Amino acid sequence: MPETITMEVWRYRPEHESEPTWDAYDVPLRKEWAVLDGLNHIKDQLDGTLSYRWSCRMGICGSCGMTVNGEPKLSCSTFLTDYAPGPVRVEPMRNFPVIRDLVVEMGDFMAKLPAVKPWLVSDDEPDEDTEYLQTPVEMDDYKRYSMCINCMLCYSACPVYALDPDFIGPAAIALAQRYNLDSRDAGAEDRRDVLASAEGVWACTFVGECSVVCPKDVDPAGAIQRYKLTAASKAVKDLLLPRGAR
Amino acid sequence: MPAWHNVVIIGGGGAGLRAAIAVAEANPKLTVAIVSKVYPMRSHTVSAEGGAAAVAGDDDTFDEHAYDTVSGSDWLCDQDAVEAFVVEARKELLRLEHWGCPWSREQDGRIAVRAFGGMKKKRTWFAADKTGFHLLHTLFQTALSYTGSGRRGGSGIVRYDEWFVTKLLVHDGRVRGVVAVELATGRVETIVADAVIVCTGGCGRVFPFTTNANIKTGDGMALAYQAGAPLKDMEFVQYHPTGLPFTGILITEAARAEGGRLLNKDGYRYLQDYDLGTPTDEPVLRSMELGPRDRLSQAFVHEMAKGRTAETEAGHVVHLDLRHLGEKLIDERLPFVRELCASYQNIDPVHELVPVRPVVHYMMGGIHTDINGATPLTGLYAAGEVACVSINGANRLGSNSLPELLVFGARAGKAVADFVATVPGAATAPVIAQGRDEENRLRRELSDHQHSDGERIADIRTEMQETMEAGAGIYRDEASLTKALDELAELKTRFARASMDDASRTFNTELIAMLELSGMLDVASCIVASGLRRKESRGAHQRTDYPDRNDERYLAHSVIRRKPDGDWRVEYLPVSITRWPPGERVYGR
Ligand SMILES: Cc1cc2nc3c(=O)[nH]c(=O)nc-3n(C[C@H](O)[C@H](O)[C@H](O)COP(=O)(O)OP(=O)(O)OC[C@H]3O[C@@H](n4cnc5c(N)ncnc54)[C@H](O)[C@@H]3O)c2cc1C
Ligand code: SF4
Ligand code: FES
């Protein structure tokens, strides 16, 4: 194994330059090192001006999404040795405005989140002293969609979002489905307007890249497909049946 | 006009979000702001794995949970706080269930519970081994329903995402707001408030090898200390016995609760040599691998001294054996453990031994509060890992922290809602003037460090971390602590002249690292100074020069306070004992 690897890092400092540039750094190639460790080495030892987000370094906080050699990745769980002998190219996630260097603006997602009402809607006040019952089988219905860490890799991979920033997007729809399919929830109607709108599931052309890149196996593409079926059968029913019988 | 809110909460982790919801519920007319240096769902609560403790089954009682907590704490907790905690923990975990938290279930649909270290009954609720992740996202999503457009309405919870708080503003003996930097723009803003709740989490990053995320730099402890509020029991730092050797990533105690075993390099279950019980095939509660963390981490040090640990590139390790649990159980109950082992250690625990070693994990000490989260400084409250109520005393039991941040987050929120209803309005001009001073100070800091002849911030940070490990690790003594204190003083001087590369205002993470390090040097000094004064061994504070517990002199909380001249003063406060007089801690017999 060579001792170092070259990291080519996308740089953009809006106060100093109008166009992005590339900087190359040689970092130690250690078998335990993730791409994030390489960036930390640069930041701590070579160039303190490099900016990026990270926190947990264990693939659960969702901070460290980047484009590594062209693919959306969590930089804390993507390893340098997989790119040896290099160089390895690190860019910000695609489809987002860049604030600086590898830091993207994700306010758009944060603003969309409340629109899908990602909280449990219940019709009655629960009994303070007991839980709602929910069997493991019932939990399996939504469990997968509850695993999203909001890392934004799916948005970065989504060709629809690239063209239509109003698209609610994979993770937000998966999250809505996480609640819709929860046996304790009664909010599916409340979420319907947004989900079944032109910027909701119908904007998706089923490319499926979101599920390919998702590091937590959430399968947002599956969530979207499933909702399309629900919405379609609901629409048919709405058309055919009198209101009371729906 | 500066920003103004009735309540400012610093931190959007479990404690901060729970407190915000409590304020909004107590009085929907109040405006409450969460100021957080990361988006709330990135907070470190997200990485808690094993579970949250509260009485669940009919075979368990509040008293038993309380007793386990008290004996686990080596009698240094406050028993009135513990008694309230165990009752409210159950309510809080049920609340979370009602908010949608996907707790793991029994076949019949009831909540499932698992064993945990130091607990005599199975009472740890869990969501597989991603409990903190589910808890945090459930809280965050529920909090969204309290925002302006959410269904629960009210004045709502507003957020300052990616804003870093640099100072608490105190006027006339009362906390009146904060100063914060917006990361994206570098804008410095004074946020005036009637009360502030600090929920900034722990400070594991003052040590070199920790389970804690990059953001756990103890900022809140430093902010409170500088504002004149006392810190309590700072010498008690928890080492978790099972971290992955290179990264420090945690392998949850749940792995042992499900039946995992600790082996030395000869494959021997060495815990039996340390008064922790006799090995059995099935895990026995409060015994062997299910002993408390302080005792297990200490056993490792002795095992290493005897030459019975395995040596690796990343230091000495013992092995966690999960192989006999089988793939099905591991995938069902410990999927994250398997995922972490695969990614970060390149092994599969279904077939291989997991190398582990003790790792800095949790801060028992923190900002001194009463049972409602109030600090001695009017208008200042604290909750979560940053606070010290104390229910954890000299050693926290695993799975007590998540319920703690819910119980005391909620209590602090309610208390603050009451407080702001009664406080008189006060002039904001002096507060704003202070905010301007702070803005100027920040600007000076940024420019003063713009030179290239000083040391790098990262190098000073690394040296501080090594100093802490050497001087205030699992075992300490007078000499090691004194040396650490001297070194920290020297590091502070060097830090004042450190260099920065980055002069820009936009997302300047080097500036944040610099501000964090400045606070960490204070927090580290408080840990060492408090440890130096406590001449006994109790729980996680083990002095080789004073190996015994000394209830006569030290059954008391240490409280460290900053003096106006920058020096500090350590005093002691009584421990509240309601029903369990100090006794021997017995495990495995
Ligand atoms: C790996 C791991 C596993 C764990 N597992 C368990 C478990 O199974 N069971 C259990 O009970 N406990 C567990 N713990 C402990 C528990 O997770 C923590 O004690 C708890 O989550 C702390 O929550 P908190 O809300 O106090 O702080 P955090 O979740 O750390 O949140 C702190 C917040 O403060 C903000 N903040 C900090 N400084 C500033 C600043 N200067 N300006 C603005 N904002 C700031 C941050 O942005 C963040 O939002 C675990 C801990 C670790 C490290
Ligand atoms: S669905 Fe997957 S890729 Fe998308 S944000 Fe969630 S975890 Fe990330
Ligand atoms: S740093 Fe948390 S997911 Fe990578």
Side-chain angles (χ1 to χ4, degrees), chain A residues 13-16 31-32 43-45 47-63 77 79 99-101 103 105-107 110 113-115 117-122 126 128-136 138-139 142-143 146-150 175 179 182 184-185 190, chain B residues 38-39 41-44 46-47 91 94-95 97-100 102-111 130 133-134 137 141-142 144-145 147 149-151 161 184 213-215 246-247 249-250 314 336 339-340 343-344 346 456-459 462 499-502 504-510 513:
Chain A
R13 284 146 295 196
E15 288 159 67
H16 306 293
K31 72 173 189 309
E32 308 89 352
K43 174 101 187 158
D44 288 350
Q45 300 306 330
D47 182 353
T49 67
L50 180 63
S51 281
Y52 49 97
R53 292 189 180 105
W54 70 290
S55 181
C56 73
R57 56 81 174 91
M58 58 193 273
I60 191 77
C61 77
S63 304
S77 27
F79 292 85
I99 296 177
R100 169 176 176 179
D101 295 342
V103 179
E105 164 63 70
M106 59 173 278
M110 296 305 284
L113 258 189
K117 302 191 166 56
W119 50 78
L120 198 81
V121 177
S122 53
E128 230 185 81
D129 296 318
T130 50
E131 68 266 46
Y132 294 117
L133 295 180
Q134 181 170 70
T135 65
E138 287 171 324
M139 188 185 283
Y142 71 88
K143 181 91 197 168
S146 74
M147 304 304 274
C148 170
I149 61 172
N150 299 350
L175 188 58
Y179 283 100
D182 188 323
R184 300 167 291 182
D185 180 83
D190 299 357
Chain B
V38 296
Y39 283 100
M41 67 280 184
R42 315 285 189 222
S43 302
H44 193 60
V46 80
S47 48
K91 293 202 179 106
L94 280 170
R95 241 5 287 241
E97 197 282 326
H98 297 148
W99 284 333
W103 296 115
S104 291
R105 305 285 176 149
E106 300 291 351
Q107 288 307 322
D108 65 4
R110 283 177 312 131
I111 302 282
K130 291 193 177 172
F133 163 77
H134 286 299
H137 280 254
Q141 289 155 13
T142 302
L144 287 176
S145 73
T147 50
S149 54
R151 79 193 271 262
D161 292 339
N214 184 45
I215 55 172
F246 180 76
T247 52
I249 288 173
L250 178 77
F336 198 32
E339 188 183 322
L340 292 170
S343 297
Y344 297 99
N346 248 316
R456 296 192 73 84
I457 283 167
D459 291 340
T462 304
S499 301
M500 268 176 66
D501 297 339
D502 195 347
S504 82
R505 290 169 63 87
T506 314
F507 224 96
N508 187 336
T509 49
E510 198 184 21

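Letters go in sequence order (proteins before strands), and every chain restarts at 1. Predicted, not measured: the structure shown is a model, and the values here were computed from it.
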A.B. asks: Please give me the minimum heavy-atom distance between B/Arg456 and A/Gly48, naming the atom from each residue.
C.D. replies: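 Smallest interatomic distance, heavy atoms only, reads NH2-N, 3.4 Å.
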
A.B. asks: Tell me, out of A/Glu138, A/Met147, A/Lys31, A/Lys143, who's got the most heavy-atom pairs with chain B below 4.5 Å.
C.D. replies: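 Highest number of heavy-atom pairs under 4.5 Å: A/Met147.
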
A.B. asks: Donor-acceptor pair, distance only, cut-off 3.5 Å: does the side chain of A/Arg184 make one with the backbone of B/Gly100?
C.D. replies: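 At least one qualifying donor-acceptor pair exists.
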
A.B. asks: So what's closer than 4.5 Å to chain A heavy atoms on B/Asp161: side chain, backbone, both or neither?
C.D. replies: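 Contact with chain A: side chain only.
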
A.B. asks: Mind listing the closest non-hydrogen atom pair of B/Thr509 and A/Tyr52 along with its distance?
C.D. replies: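 Heavy atoms only, the tightest pair is CG2-O, 4.1 Å.
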
A.B. asks: Which atoms form the tightest heavy-atom contact between A/Leu175 and B/Gln141, and what is the distance?
C.D. replies: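 Reported closest heavy-atom pair: CD1-NE2, 3.5 Å.
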
A.B. asks: Which region of B/Leu340, side chain (C-beta onward) or backbone (N, CA, C, O), has a non-hydrogen atom less than 4.5 Å from a non-hydrogen atom of chain A, or is it both or neither?
C.D. replies: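 Contact with chain A is through the side chain of B/Leu340 alone.
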
A.B. asks: Any side-chain to backbone donor/acceptor pair from B/Arg42 onto A/Cys61? Under 3.5 Å, distance only.
C.D. replies: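 It does hold such a pair.
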
A.B. asks: Where does B/Ser104 contact chain A at under 4.5 Å (heavy atoms): side chain, backbone, both or neither?
C.D. replies: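 Backbone only.
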
A.B. asks: A/Tyr142 and B/Pro102: which non-hydrogen atoms are nearest, and at how many Å?
C.D. replies: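 That closest heavy-atom pairing would be OH-CB, 3.4 Å.
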
A.B. asks: In terms of heavy-atom pairs under 4.5 Å with chain B, which of A/Asp185, A/Asn150, A/Thr135 leads?
C.D. replies: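 Among the listed options, the one with the most contacts to chain B is A/Asn150.
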
A.B. asks: Select one option (side chain, backbone, both, neither) describing which atoms of B/Phe507 are under 4.5 Å from chain A's heavy atoms.
C.D. replies: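 Contact with chain A: backbone and side chain both.
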
A.B. asks: Looking only at atom types and distance, does a side-chain atom of A/Glu15 sit under 3.5 Å from a main-chain N or O of B/Arg505, one as donor and one as acceptor?
C.D. replies: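 Present.
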
A.B. asks: Could you look at B/Ile249 and say if it's the side chain, the backbone, both or neither that has a heavy atom under 4.5 Å from chain A?
C.D. replies: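 Contact with chain A: backbone and side chain both.
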
A.B. asks: With only heavy atoms counted, which part of B/His44 is less than 4.5 Å from chain A, the side chain, the backbone, both or neither?
C.D. replies: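 Contact with chain A involves no heavy atom of B/His44 at all.
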
A.B. asks: Looking only at heavy atoms and a cut-off of under 4.5 Å, which of A/Asp182, A/Leu113, A/Thr130 has the most pairs with chain B?
C.D. replies: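 Answer, by heavy-atom pair count under 4.5 Å with chain B: A/Thr130.
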
A.B. asks: Please identify, among A/Met110, A/Arg13, A/His16, the residue contributing the most non-hydrogen atom pairs under 4.5 Å to chain B.
C.D. replies: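 Of the options given, most contacts go to A/Met110.
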
A.B. asks: Please flag which part of B/Glu339 lies under 4.5 Å from any non-hydrogen atom of chain A: side chain, backbone, both or neither.
C.D. replies: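 Side chain of B/Glu339 only, per the 4.5 Å heavy-atom cut-off to chain A.
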
A.B. asks: Can a donor-acceptor pair be found, under 3.5 Å and without considering hydrogens, that links the side chain of B/Glu97 to the backbone of A/Tyr132?
C.D. replies: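 Yes.
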
